[in-house]
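Here the structure is laid out as structure tokens; the discussion comes afterwards.
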Amino acid sequence: MYKGATSITKKNIIFSLVGISLTALLLTSCSGDAGNKASIASPSPKTDSVHPPATPQATKVIATVDEQPSTVYYELFVRSFYDSDGDGIGDLKGITQKLDYLNDGNPETNNDLGIGGIWLMPINPSPSYHGYDVTDYRSINPDYGTLEDFQELITEAHKRGIKIIMDLVVNHTSKEHPWFVDSAKNTDSKYRDWYVWAEDQGRAASGASAAGGGNAWHPLLGSHYLGGFWEGMPDLNFDNAEVRTEMKDIGKFWLEQGVDGFRLDAAKHIYEDLLSDKTEATTAKNVSWWQEFRKAMNEVNPEAYIVGEVWENSAVTVGAYLDQAFDSSFNFGLAETLVNSVKTEKDSGTAFTLERTYKLYSKISDNHFTDATFLTNHDQNRVMSQLDNNPNHAKMAAALLLTLPGNPFIYYGEEIGMLGVKPDEGLREPMRWVAADQGEGQTTWEPGSNNAGAINVDVESQLNDSSSLLGRYRELIALRNEVPALRDGGIRDYASGNTGVMAYERLTTQNQVLVVHNLTGKEQTIVLHPNVEGFSYSKILKTITIKSTLNSDQLTLPPYSTAIVE
């Protein structure tokens with residue numbers, strides 16, 4: 001363990017939390033005042049209200065709230081998105097051309113998606129189609145364009161109020177990276193110790209990978225190197241100070257180009273290489289490195305947004321990374337819960353769990369964290385496939401995602417209901433702009449078999465249809481951008497008394513609303529009751545789909561609908 005891993009600010013606080021009884025945690029109420037300096041809000045399109053403006057009661061000051069200022073992000077695979085030069089491969093200029101689809105920068109229009117951030121999957125040179133095995137960390141994949149093309153994209157995105165974060169893959173390189181090639185050929189190479197060679201370290205070349213379960217060691221030229229994900233992705237040795245310095249310098253380089261932050265791939269696997277490494281000590285070592293990285297990024301841009309991939313359902317494990325390291329960590333457990341809730345049409349107790357989890361995160365992060373929520377991403381079967389191509393369930397999933405706290409991440413094509421199942425290429429098929437398999441800007445690098453012949457699963461077909469899935473995403477994002485409590489608020493559980501109805505309060509210190517979802521295909525009625533502060537919700541601010549009705553304290557919701565009550 002390197003020196004920096006033995007003395008970490010507040011680390012003892014983090015790992016003493018491991019011993020907290022989860023039962024006790026879940027019985028604790030949510031408190032504290034959180035913020036997120038790294039997030040921005042998109043321009044706010046107009047939303048028509050069903051009822052007159054809120055009464056003074058609806059803006060009652062609330063003493064303690066875990067606020068999470070947020071914006072909506074869009075995960076984008078460059079190769080599949082939009083082709084500007086006709087070679088069948090998506091590129092950076094293509095994204096620039098389609099920025100107005102994502103957000104045209106004009107709050108008066110309603111024909112854009114309204115997102116405020118883009119996560120670009122890997123854009124560095126790589127021998128693989130996906131790009132997660134990098135050969136040059138300071139260059140752009142020539143399939144995608146040039147550094148100048150990237151800078152133009154950033155400039156145009158910023159004009160529209162869109163932040164750009166990029167995938168940073170530092171856990172491993174490509175087997176074809178010059179560092180690794182030299183390391184393998186020459187035991188005296190300056191790069192030999194940049195990787196983990198079993199024979200050099202006196203380690204047995206055996207052990208199951210923490211990333212996949214197979215053997216993590218791979219033979220090459222009489223030695224064995226560590227590669228937890230795949231033999232084509234040799235792991236870097238972060239016990240080597242030169243490796244850590246190089247990766248910090250790479251991060252700084254991209255921030256200096258104008259990037260607004262990073263999505264950190266395989267963040268928990270920097271030291272968690274083997275199944276036997278799954279310990280608190282290994283997590284502490286990982287956290288220490290990412291704190292070191294965060295501190296270095298602050299030298300260039302203290303506002304840089306850093307979100308990590310920590311594929312864990314343990315709130316304690318994920319929370320550790322929120323201590324002066326990440327602004328956000330993807331909430332994999334929540335994603336699974338949301339999809340299951342809409343599929344089964346049953347309340348999952350989501351708000352109850354989040355309220356308690358966010359209390360823990362606020363303590364660890366000193367009130368500086370924002371959740372990173374999503375339905376599915378590039379490593380999982382697409383949400384529409386998981387929902388058996390049910391459009392009502394897809395719309396409800398969107399409603400849940402976009403009315404919860406945190407920065408919601410939408411996987412490209414999710415907003416039009418694209419299908420996708422493994423193998424991985426099937427999850428990353430070309431974005432469908434037109435009904436035909438080929439058309440202007442349509443990428444063709446992959447056949448797109450999951451979506452071949454799909455009816456109305458394209459932007460052109462849904463563009464002017466307010467009842468479409470795309471229309472629903474636009475409506476929900478516009479509503480989120482307009483209502484402060486939905487955009488920036490914390491969450492508090494609200495018992496609906498109906499297993500087919502999910503309800504929760506969204507609160508800032510100045511604004512509060514009640515969100516009520518009818519997850520079922522039948523009309524549902526619930527009785528509204530005063531919240532814990534004695535506040536009574538009495539007016540419908542907005543209904544998504546057919547109008548809900550509120551008579552005295554009786555709220556009636558049509559099938560598959562959402563009501564925002566103030």
Side-chain angles (χ1 to χ4, degrees), residues 73-84 87-95 98 101-102 113 115 118-134 140-145 153 164-169 172 174 211-212 229-230 232-233 263-266 307 309 311 330 332 335 339 374-387 389 394 409-434 437-439 441-454 457-459 469-470 473:
Y73 277 82
Y74 191 85
E75 181 189 357
L76 193 156
F77 184 33
V78 180
R79 184 172 297 272
S80 285
F81 195 63
Y82 194 84
D83 173 18
S84 73
D87 66 356
I89 296 174
D91 46 53
L92 296 171
K93 286 186 176 180
I95 301 172
K98 300 305 290 185
Y101 165 76
L102 298 172
L113 199 55
I115 58 95
I118 295 173
W119 155 24
L120 296 174
M121 289 170 61
I123 59 173
N124 300 121
S126 167
S128 300
Y129 82 92
H130 50 72
Y132 281 98
D133 47 343
V134 175
I140 299 293
N141 188 327
D143 285 346
Y144 297 165
L153 170 60
I164 300 287
I165 66 171
M166 61 179 285
D167 236 312
L168 194 63
V169 188
H172 49 263
S174 168
F229 284 89
W230 172 54
M233 296 175 171
R263 178 265 186 183
L264 300 174
D265 181 66
V307 54
E309 182 197 28
W311 202 323
F330 287 108
F332 285 90
V339 173
F374 67 103
L375 296 175
T376 59
N377 65 21
H378 63 279
D379 287 323
Q380 301 166 307
N381 288 346
R382 282 185 174 271
V383 63
M384 187 58 100
S385 291
Q386 292 192 42
L387 296 177
N389 205 16
F409 282 74
I410 299 169
Y411 186 38
Y412 81 95
E414 198 164 80
E415 76 277 18
I416 58 172
M418 282 179 58
L419 298 165
V421 295
K422 285 181 175 286
D424 286 348
E425 290 86 344
L427 315 177
R428 306 162 188 175
E429 290 182 358
M431 176 70 173
R432 291 178 62 88
W433 296 102
V434 295
D437 291 333
Q438 294 186 2
Q442 194 75 37
T443 67
T444 57
W445 72 272
E446 177 73 7
S449 56
N450 284 286
N451 295 283
V457 184
D458 61 271
V459 173
L469 184 57
L470 176 59
Y473 268 89

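Sequential numbering from 1 along the given sequence is applied to the chain's residues.
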**Item:** Residues in ring pair (Phe, Tyr, Trp, His ring centres under 6.0 Å) contact with Tyr473, at least two apart in sequence or another chain
**Value:** none

**Request:** Under the side-chain hydrogen bond (donor to acceptor under 3.5 Å, both in side chains) rule, collect the residues that match up with Glu309, sequence neighbours excluded.
**Result:** Arg263

**Counterpart residues, salt bridge (Lys or Arg N to Asp or Glu O under 4.0 Å), relative to Arg432 (two or more places apart)** = Asp437

**Reported CE-to-CG distance for the pair Met384 and Asn450, which is rounded to 0.5 angstrom** = 13.0 Å

**Fill in**
Paired with Thr376, the side chain to side chain donor-acceptor pair (under 3.5 Å) test is passed by just one of Glu75, Arg382, Glu414, namely Glu414

**Request:** Could you tell me which residues satisfy side-chain hydrogen bond (donor to acceptor under 3.5 Å, both in side chains) with Asp83, sequence neighbours excluded, listed by chain and number?
**Result:** none

**Asked** Does Phe229 have any ring pair (Phe, Tyr, Trp, His ring centres under 6.0 Å) partners at least two apart in sequence or in another chain, and if so, which?
**Response** His172, His269

**CD1 on Ile118 to CD1 on Ile164, rounded to 0.5 Å** = 4.0 Å

**Request:** With sequence neighbours excluded, tell me which residues meet salt bridge (Lys or Arg N to Asp or Glu O under 4.0 Å) with Asp87.
**Result:** none

**Item:** Test side chain to side chain contact (heavy atoms under 4.5 Å, CB included) applied to Trp445 - qualifying residues, sequence neighbours left out
**Value:** Phe77, Arg79, Ser80, Ile89, Tyr129, Pro430, Thr443

**Complete:** Separation between CD1 (Ile140) and CG (Asn124), nearest 0.5 Å, reads 6.5 Å

**Message:** Restricting to side-chain hydrogen bond (donor to acceptor under 3.5 Å, both in side chains), what partner residues turn up for Glu446, sequence neighbours left out?
**Reply:** none

**Message:** Checking side-chain polar atoms at under 3.5 Å, does Gln380 have a donor or acceptor matched by the opposite partner on Tyr411?
**Reply:** no

**Request:** With sequence neighbours left out, write down each residue that passes side chain to side chain contact (heavy atoms under 4.5 Å, CB included) with Val339, or none if nothing qualifies.
**Result:** Val383, Gln386, Leu387

**Request:** Could you list the residues that satisfy salt bridge (Lys or Arg N to Asp or Glu O under 4.0 Å) with Arg428, not counting sequence neighbours?
**Result:** Asp379, Asp424

**Complete:** In this structure, CG of Leu76 is separated from CD1 of Ile95 (nearest 0.5 Å) by 4.5 Å

**Request:** Output all residues satisfying ring pair (Phe, Tyr, Trp, His ring centres under 6.0 Å) with Phe330, sequence neighbours left out; order by chain, then residue number.
**Result:** Trp119, Phe374, Phe409

**Residues which pass ring pair (Phe, Tyr, Trp, His ring centres under 6.0 Å) with Trp230, listed by chain and number, not counting sequence neighbours** = none

